[in-house]
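Structure, as structure tokens:
Numbers restart at 1 for each chain; the letters A, B, ... are given by sequence-line order, proteins then strands.
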There are 2 protein chains.
Amino acid sequence: MILGLLTRCKYVRLFKMNKENLKKVGLKTTLPRLKILQLLEDNKNNHLSAEQIQRTLANDNQDIGLATVYRVLGQFEKAGLVIRHKFDEESFVYELDRGNHHDHMICVKCNVVVEFVDQNIEDRQKEIASQHGFIITEHKLNIFGFCNKCK
Amino acid sequence: MILGLLTRCKYVRLFKMNKENLKKVGLKTTLPRLKILQLLEDNKNNHLSAEQIQRTLANDNQDIGLATVYRVLGQFEKAGLVIRHKFDEESFVYELDRGNHHDHMICVKCNVVVEFVDQNIEDRQKEIASQHGFIITEHKLNIFGFCNKCK
DNA sequence: GTCCGTGCAAAGGATTTGCATAATC
DNA sequence: GATTATGCAAATCCTTTGCACGGAC
């Protein structure tokens, strides 16, 4: 009961927040946008593809056209709400942009994603870049392997 | 004259080597394969896409179908002769596999690619992986930015 | 009521594949 | 001569786009 209440409270708050977030970036409050945003919040550890998002929402009785999913994700990316990655060579995956840069370690079997930051690695990259006269705009470090469960 | 002779010698040697390399991996010696292999040797610092390879060879009066370029590159990759990368989200680029692992720094303007290895970074990755119980199978570190000339 | 969002179907671009012809060994 | 390569066109996959309708403000 209490848990249910807390959970409900949490979602009411989340819903309001998301509504405001959308307004802030100039996007109208629509069900597809709210649902996709919420799904990304709930899946902090999974990086989802457009198709996964569509399927998941369909299972939750929210049928949203794939084109809409792509469009919404594109708008979110432009607005700085989400980040788009391409880990494998299949399709893009999306995660909420919480403003904290990090790199990724991906299980090649179950696709679980671990985020990490290592100041040492960050610093070495800057040194290497400056040695070659490069000005870094971005970097991507992806480690692939077998996670604890899959190895 | 002497230079011409040396150059010719170099190519004769290269040609023989490539012929043997192809035989070694069970591929027949054909002009498309030899030309593509040679082009990749000559472009040690550029990572070429299938289309660039086709265009370059066409300019050299070697018209090869794009499908063949893709097929040959695929066979080369399977045979361990080349490595395939996806730096931007446009198309794959290919480089000869010389067996020396390295990471890449790519100019976002002129697309020049600098290869580098940093033992420090390599070591930190292993530590991070083991902290999370991961067994690394592969990693990709790409640094993007402006090179010395383009900045 | 205006403007923006959605769904559907069609287009798009890079890569792959099927099939008949042509080359290698 | 048998087997493997090639070229062309068609197919494929994920993603984007055009257009008519419906919903937000």
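- Annotation for B:Pro32 and B:Thr68: closest pair CB-CG2, 4.1 Å, computed over non-hydrogen atoms.
- Across the protein-nucleic acid pair, B:Leu37 atom CG and D:dA5 atom P stand 15 Å apart, rounded to whole Å.
- Distance B:Leu66 CG to D:dA11 C1': 15 Å, rounded to the nearest Å.
- Listed here is the closest heavy atom pair of A:Asp88 and A:Lys86: O-CG, 3.3 Å.
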**Report entry** Step-by-step salt bridge (charged side-chain N to carboxylate O under 4.0 Å, His left out) determination, A:Arg124 to A:Glu127
**Finding:** CA-CA 5 Å; A:Arg124 286 298 302 146; A:Glu127 284 174 42; 2.4 Å; yes
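- Contact between B:Ala58 and B:Asp63 at its shortest, heavy atoms only, is CB-OD1, 3.6 Å.
- Taken over five-pair windows at either terminus, the axes of the helix from C:dG1-D:dC25 to C:dC25-D:dG1 are inclined to one another by 30° (rounded to 10 degrees).
- Other residues sharing the hydrophobic cluster of A:Ile83, ordered by chain and number and joined by side-chain separations under 4.5 Å: none, the residue standing alone.
- In the hydrophobic clustering, B:Val114 connects to A:Met105, A:Val112, A:Val114, A:Phe116, A:Ile121, A:Ile128, A:Phe134, A:Ile136, A:Leu141, A:Ile143, B:Met105, B:Val112, B:Phe116, B:Ile121, B:Ile128, B:Phe134, B:Ile136, B:Leu141, B:Ile143, either directly or through intervening members, whenever side-chain heavy atoms lie under 4.5 Å apart.
- In this structure, the CZ atom of B:Phe92 is 12 Å from the C1' atom of D:dC14, given to the nearest Å.
- The line from CG of B:Leu96 to CZ of B:Arg98 is 5.0 Å long, rounded to the nearest 0.5 Å.
- Residues meeting the side-chain contact (heavy atoms from CB on, under 4.5 Å) test with A:Gln75, sequence neighbours left out: A:Leu27, A:Arg33, A:Val72.
- For the pair A:Arg55 and A:Glu51, the salt-bridge criterion is met [side-chain N within less than 4.0 Å of a carboxylate O].
- Distance NZ (B:Lys19) to P (C:dC25): 7 Å, rounded to an integer number of Å.
- Near-neighbour residues of DNA chain D inside residues 69-78 of chain B, defined by a heavy atom below 4.0 Å, number-ordered: B:Arg71, B:Val72.
- The separation between B:Arg33 atom CZ and C:dC25 atom C1' is 13 Å, rounded to whole Å.
- Of the candidates C:dG5, D:dG7, C:dT15, the closest approach to any side-chain atom of B:Ile64 belongs to D:dG7.
- Scanning both residues, A:Leu48 and A:Leu40, for their nearest heavy atoms gives CD1-CD2, 4.4 Å.
- Qualifying side-chain hydrogen bond (donor to acceptor under 3.5 Å, both in side chains) partners for B:Asp97, counting only residues two or more places apart in sequence or in other chains: none.
- At a non-hydrogen distance threshold of 4.0 Å, A:Arg84 from residues 81-88 of chain A come into contact with DNA chain D.
- The main-chain N or O of B:Gln52 is found under 3.5 Å from a side-chain atom of B:Ser49 such that the two form a donor-acceptor pair.
- Residue A:Ala67 is the one, among B:Ser91 and A:Ala67, whose nearest nucleotide of DNA chain C lies closer to the 5' end (criterion: closest heavy atom).
- Between B:Cys147 and B:Cys110, the shortest heavy-atom distance links the atoms SG-SG, 3.8 Å.
- One interatomic measurement links the two molecules: NZ of B:Lys35 to C1' of D:dG7, which rounds to 19 Å at whole-angstrom precision.
- For A:Asn142, there are no side-chain hydrogen bond (donor to acceptor under 3.5 Å, both in side chains) partners two or more places apart in sequence or in a different chain.
- Listed by chain and number, the residues in a side-chain contact (heavy atoms from CB on, under 4.5 Å) with B:Glu115 are B:His47, B:Glu95, B:His102, B:His104 (sequence neighbours excluded).
- Remark: P of D:dC14 and CD of A:Glu89 are 14 Å apart, rounded to the nearest angstrom.
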Quick one: which protein N/O atoms are closer than 3.5 Å to N/O atoms of nucleotides 21-24 of chain C? Pair and distance per line, please.
{"unit_1": "C:dT24", "atom_1": "O2", "unit_2": "B:Lys28", "atom_2": "NZ", "d": "3.1"}

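- Residues satisfying the ring pair (Phe, Tyr, Trp, His ring centres under 6.0 Å) criterion with B:His132, sequence neighbours excluded, are absent altogether.
- Within a heavy-atom distance below 4.0 Å of DNA chain D, no residue of residues 49-57 of chain B is found.
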